[in-house]
Amino acid sequence: MSDMKKAYEVAAIAVRQRLAEQHPEDLQVLNKLRKQDVVVYAGSYDRVEDILACLKVPCMLNPDASKLDAQIFFVNCSSSYDKALIEHLSQRVHEGKWLVSSDWALGRFIEPAFPGMVKFTGRATGDEVISVEPSLNSLWSDVVVLGADPQWWLEGSSHPIEVLSPDKVAIEAASHDLLSRHSAPVVAVSFDWGKGHVFHVISHFWCKRSRTPTQRHQGPCTDFLKAGMKLSDDGVDKVLAIAQIKSDTLNFAQLQSAVTSTELIAQLCIRAAKAVPAKPRSGIFAW
């Protein structure tokens, strides 16, 4: 098992423990999500479905988009998207659903589905790791460690984001590294569309590597469980026990990177569930 795969497993345990300690009502929302509430469209790259599996959130994979009533749709980074899928999901968002996408979906899905909001700058990145500065009121605000920015892996040829409508688009996170290297600082954006909501992030939610630019990032993962996630001592011990790891099995940066993605996925599911009421379970279907 790779270090980052293990980091995601531990991250999911830690995110659920953080919610249990600090936001139990949100954990209840996460636990009530049904398979038909969460949809993932697999891509050529990225694997949100794996993060959801770590979080124990059920989902449908690649269902017929014309027959859905899910609360949130995840569109993985891909080299192409079916035109009908773009049209169907754009309409679902307009009607009030949430949609989350990554990297190449920017120009190939988001631009045609939600024109005039954001676009690909036209200049791709290299294979690199950047530091990320979440906005104060972002979905990451609860797990930010001052002086130790999360590290976000950019797949080779990731697509930087240009905001076309600054009055309508919120910048959820930015990066000085992206600004200096690619003149495009935006890491993640969100915006309303009709009655629904869209969230897009550069690169992938499933990061394959991290980096340790500071001594803090080189420390044991328990440092992040305490400083970043603010878990109780009992909570830290519980995470280590469930994950069956020692404090130095993963470093601060590895767990921070995995938690950054996992926390985001969990928060998006929770907020979508709160914003989009689930329909009563029908006796016709067995989920």
Side-chain angles (χ1 to χ4, degrees), residues 4 45-46 48 75-77 100-111 114-192 197-218 224 227-228 251-265 267-268:
M4 287 309 296
Y45 313 95
D46 210 358
V48 167
V75 178
N76 278 324
C77 171
V100 181
S101 62
S102 60
D103 214 18
W104 287 5
L106 177 60
R108 297 168 182 174
F109 190 104
I110 299 298
E111 282 189 56
F114 314 105
M117 304 302 284
V118 292
K119 74 171 187 176
F120 170 36
T121 63
R123 297 177 58 189
T125 71
D127 183 330
E128 52 194 293
V129 178
I130 60 169
S131 61
V132 175
E133 299 94 46
S135 301
L136 288 176
N137 296 318
S138 73
L139 297 175
W140 289 295
S141 57
D142 282 349
V143 294
V144 170
V145 180
L146 295 178
D149 293 330
Q151 307 300 299
W152 194 265
W153 173 66
L154 301 183
E155 178 85 46
S157 298
S158 286
H159 288 183
I161 304 164
E162 179 181 344
V163 175
L164 299 176
S165 299
D167 58 325
K168 299 177 181 178
V169 177
I171 296 176
E172 297 283 345
S175 169
H176 287 296
D177 291 334
L178 267 178
L179 177 62
S180 62
R181 299 175 196 174
H182 305 286
S183 301
V186 180
V187 172
V189 293
S190 65
F191 56 86
D192 294 329
H197 192 70
V198 177
F199 190 103
H200 177 81
V201 65
I202 190 173
S203 194
H204 301 160
F205 289 101
W206 187 272
C207 300
K208 294 181 181 177
R209 64 184 177 91
S210 187
R211 66 172 182 173
T212 54
T214 69
Q215 187 172 358
R216 185 73 178 275
H217 287 101
Q218 296 166 17
F224 182 73
N251 62 40
F252 183 107
Q254 288 169 326
L255 185 58
Q256 183 186 39
S257 291
V259 166
T260 299
S261 294
T262 305
E263 176 79 16
L264 183 54
I265 295 299
Q267 289 292 338
L268 287 164

For Ser203 against Leu154, the heavy-atom pair lying closest together: OG-CA, 3.3 Å

Mind listing the closest non-hydrogen atom pair of Asp177 and Ser131 along with its distance? OD2-N, 2.8 Å

Anything under 30° is parallel, anything over 60° is perpendicular, the rest tilted; go ahead and classify His217 against Phe252. perpendicular

Using atom types as modelled and distance alone, determine if a side-chain donor or acceptor of Asn76 lies under 3.5 Å from a backbone N or O of Ser102. no

side-chain hydrogen bond (donor to acceptor under 3.5 Å, both in side chains) between Ser135 and Glu172, intermediate numbers included: CA-CA 5 Å; Ser135 301; Glu172 297 283 345; 5.8 Å; no

Which atom names give the shortest non-hydrogen contact between Val187 and Ser175, and what distance separates them? CG2-CB, 3.7 Å

With a 4.5 Å limit on heavy-atom distance, are the side chains of Thr121 and Ile161 in contact? no

Could you walk me through whether Trp153 and Asp127 satisfy the side-chain hydrogen bond (donor to acceptor under 3.5 Å, both in side chains) test, starting with their C-alpha distance in whole Å, then the side-chain angles of each, then the deciding distance to 0.1 Å, before giving a yes or no? CA-CA 8 Å; Trp153 173 66; Asp127 183 330; 3.1 Å; yes

Do Gln254 and Asn251 have side chains that approach each other closer than 4.5 Å (heavy atoms only, starting at C-beta)? yes

For the pair Ser138 (side chain) and Pro134 (backbone), establish whether a donor and an acceptor sit closer than 3.5 Å, ignoring hydrogens and angles. no

For Val118, which of Val169, Leu164, Val186 qualifies under side chain to side chain contact (heavy atoms under 4.5 Å, CB included)? Val169

So, Asp103 versus His159: side-chain donor-acceptor pair below 3.5 Å or not? no

Any side-chain heavy-atom pair of Ser158 and His204 under 4.5 Å: no

CZ of Phe114 to OG of Ser165: how many Å apart, nearest 0.5 Å? 13.5 Å

Check the pair Val132, Thr260 against side chain to side chain contact (heavy atoms under 4.5 Å, CB included), reporting the backbone distance first and the verdict last. CA-CA 10 Å; Val132 175; Thr260 299; 6.0 Å; no

Pairwise side-chain contact, His197 with Ser190, heavy-atom cut-off 4.5 Å (strictly under): yes

Give the C-alpha distance, both sets of side-chain angles, the deciding distance and a yes or no for side-chain hydrogen bond (donor to acceptor under 3.5 Å, both in side chains) between Thr125 and His182. CA-CA 7 Å; Thr125 71; His182 305 286; 5.0 Å; no

From CG (Asp192) to CE (Met117), nearest 0.5 Å: 8.0 Å

Looking only at heavy atoms, which two atoms of Arg181 and Ile130 are closest? And how far apart? NH1-CG2, 3.6 Å

Does any part of the side chain of Ile202, heavy atoms only, come nearer than 4.5 Å to the side chain of Leu178, both counted from C-beta? yes

Taking all non-hydrogen atoms of both residues, which atom of Phe120 and which atom of Glu111 are closest, and how far apart? N-OE2, 3.0 Å

So, does Trp152 use its side chain to make a donor-acceptor pair with the main chain of Phe205 at under 3.5 Å? no

Between the main-chain N or O of Gly126 and the side-chain N or O of Glu128, is there a donor-acceptor pair closer than 3.5 Å? yes

His200 and Ser101 side chains, donor-acceptor separation under 3.5 Å: yes

Minimum heavy-atom separation for Ala184 to Pro160, with atom names? CB-CB, 3.7 Å

